[in-house]
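Because the structure is a prediction, the values reported are computed rather than measured. The first residue of the sequence shown is numbered 1, and numbering continues consecutively from there.
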Amino acid sequence: LYLLKKWIAQNHFDIIHLNGSACHRVILLLYPFLKHKPRLILTKHHALTPKLGAKLRMRYFTDAIIAVSQHTQRQLLQAGSSKSTKLIPHGVDTDFYQPVSSEKKRLLRQQYSINNDDFVFVSNAGTAKYKNWTHLIAAIAALAPELKNRIKVIIAGHHPTEVEITETVKKFDLMAQVIFPGFITDVRTIIGMGDIGFVLSNASETVSFACREMIAMGLPVIVSNFGGLPENVTADQDGWIVPINDIPSLTHLLITILTQLTQKDLTQMSQQARTKAIQQFDKKYFINATLQAYEDALGI
């Protein structure tokens, strides 16, 4: 703590941007001993309901609070935050995350022995339990064989445990159709193989950078109606919204996609997803709004 206090004092910071309760608590331990008092800005990144300690810190010991989704903003207001809560959703680099060509997609799929006519569901949101990826596996297992056999699933992130694999993928005899590539340095190589993305979280999630990266690369995305996830898509235009923990609804959606969605429909949804990302999710909006929050906190 002494070294941190010394470093803050030496650099004479005007703003300290906090991204969680732990760093907020640490700074508040030092704050009374700082001659120059930086403005404190807190971003709430998760969908957990603030507890008493967090409510008090936000109410009395911050100069501005940033919510990353409308859902998060409502949570903060309900928690009684007296600060002006600014809505600044996640931004992504839409120049970096761009749709790949058909030829590039084919070459990427070859690396994982995926046929060009396979229908690929992909997620770079990870394999944590709350990501609820196991429900997609269960929904696929409920499909008729002629539909189920068309599907491949790719999920980047920490490799699931043997128990998780046994209780889901092996249980439904889908080992040949579900791929866990592990952690990927450049997730575009995974997203680029997909036809449709998915983020089915049932806890913690706010907006999801991963979701917006997939949308920026032109993938329509299936999201659960948890937290701020529905704010990413316009249903049936650039994605779909399903109830959390509702496997039958997810299975029904998969049937609709596989039997009624034409290649023309998919192309149109892909284009609409990409357009939305450029118009609403680009990093420039996020950067400009964050800079404005800093200037407001400083009274500039």
**Q.** Lys/Arg-Asp/Glu bridge criterion (N-O < 4.0 Å) met for Asp195, Arg109
**A.** yes

Q. Mind checking whether Phe198 and Cys211 have side chains closer than 4.5 Å, heavy atoms only?
A. no

Q: Report yes or no: do Arg57 and Ser21 form a side-chain donor-acceptor pair below 3.5 Å?
A: yes

Q: Please lay out, stage by stage, how Asp296 and Lys86 fare under the test salt bridge (charged side-chain N to carboxylate O under 4.0 Å, His left out).
A: CA-CA 11 Å; Asp296 292 346; Lys86 302 176 185 296; 3.2 Å; yes

Q.
Would you say Leu77 ends up clustered with Ile66 if hydrophobic residues are merged whenever their side chains have heavy atoms under 4.5 Å apart, either directly or through other cluster members?
A. no

Q) Ile15 versus Ile41: any side-chain heavy-atom pair under 4.5 Å? A) yes

Q) Going by atom types only, do Ser69 and Thr72 share a side-chain donor-acceptor pair under 3.5 Å? A) yes

Q: Would you please name every residue forming a salt bridge (Lys or Arg N to Asp or Glu O under 4.0 Å) with Arg188, sequence neighbours left out?
A: Asp186

Q: Examine distances only and state if a side-chain atom of Gln70 and a backbone atom of Glu231 form a donor-acceptor pair shorter than 3.5 Å.
A: no

Q) What's the shortest heavy-atom distance between Thr234 and Asp238, and which atoms? A) N-OD1, 2.7 Å

Q) Does Val207 sit in a hydrophobic cluster with other residues, and if so which ones, taking ILVMFWY side chains as linked at heavy-atom separations under 4.5 Å, directly or through other members? A) none

(Q) With side chain to side chain contact (heavy atoms under 4.5 Å, CB included) as the criterion, how do Phe286 and Phe281 come out once you've worked through the C-alpha distance, each side chain's angles and the decisive distance to 0.1 Å? (A) CA-CA 8 Å; Phe286 169 79; Phe281 302 162; over 6 Å; no

Q: Verify, without hydrogens or angle tests, whether Asn288 (side chain) and Tyr285 (backbone) share a donor-acceptor contact under 3.5 angstrom.
A: no

Q: Determine yes or no for a side-chain-to-main-chain donor-acceptor pair under 3.5 angstrom, with Thr94 supplying the side chain and Ala277 the backbone.
A: no

Q | Stepwise side chain to side chain contact (heavy atoms under 4.5 Å, CB included) check, Leu261 with Met269 | A | CA-CA 10 Å; Leu261 191 72; Met269 293 187 77; 4.0 Å; yes

Q) What residues, two or more places apart in sequence or in another chain, satisfy side chain to side chain donor-acceptor pair (under 3.5 Å) together with Asn132? A) His135, Asn202, Asn245

Q | Neighbour count >12 (heavy atoms, 6.0 Å) for atom CD, Gln268 | A | no

Q: Taking ring pair (Phe, Tyr, Trp, His ring centres under 6.0 Å) as the test, write out the residues that go with Tyr130, two or more places apart.
A: none

Q.
Quick check on Lys37: does its NZ atom have over 12 non-hydrogen neighbours (other residues, nucleotides or ligands) under 6.0 Å away?
A. yes

Q | Gap separating the CD1 atom of Ile137 from the CD1 atom of Ile165, nearest 0.5 angstrom | A | 8.5 Å

Q | Qualifying ring pair (Phe, Tyr, Trp, His ring centres under 6.0 Å) pairs with a residue from residues 15-44, counting only residues at least two apart or across chains | A | His12-His36, His17-Tyr294

**Q.** Pair listing, side-chain hydrogen bond (donor to acceptor under 3.5 Å, both in side chains) test, anchored in residues 167-179, at least two apart
**A.** Glu162-Lys170

Q: Considering only NZ, NE, NH1 and NH2 on the basic side and carboxylate oxygens on the acidic side, decide whether Asp95 and Lys283 come within less than 4.0 Å.
A: no

Q | pair Pro160-Phe180: side-chain heavy atoms closer than 4.5 Å | A | yes

Q | Members sharing Leu3's hydrophobic cluster (side chains within less than 4.5 Å) | A | Tyr2

Q: Kindly give the cluster partners of Val163, where membership spreads through any ILVMFWY side chain lying under 4.5 Å from a current member.
A: none

Q) So which pairs with a foot in residues 202-261 pass ring pair (Phe, Tyr, Trp, His ring centres under 6.0 Å), sequence neighbours left out? A) His90-Phe209

Q: Not counting sequence neighbours, which residues clear ring pair (Phe, Tyr, Trp, His ring centres under 6.0 Å) with Phe119? List them please.
A: Phe121

(Q) A side-chain contact here means heavy atoms from C-beta on lying under 4.5 Å apart; do Gln111 and Thr189 qualify? (A) no

(Q) Quick check against the 3.5 Å criterion: does Asp282 have a side-chain atom that pairs as donor or acceptor with the backbone of Lys284? (A) yes

(Q) So does Leu40 get a backbone contact from the side chain of Asp63, meaning a donor-acceptor N/O pair under 3.5 Å? (A) yes

Q. Can you name the side-chain contact (heavy atoms from CB on, under 4.5 Å) partners of Glu295, sequence neighbours left out?
A. Gln292, Ile300

For residues 142-158, which side-chain donor-acceptor pairs fall under 3.5 Å, sequence neighbours excluded?
{"unit_1": "Asn149", "atom_1": "ND2", "unit_2": "Pro145", "atom_2": "O", "d": "3.0"}
{"unit_1": "Arg150", "atom_1": "NH1", "unit_2": "Leu258", "atom_2": "O", "d": "3.0"}
{"unit_1": "Lys152", "atom_1": "NZ", "unit_2": "Asp118", "atom_2": "OD2", "d": "3.3"}

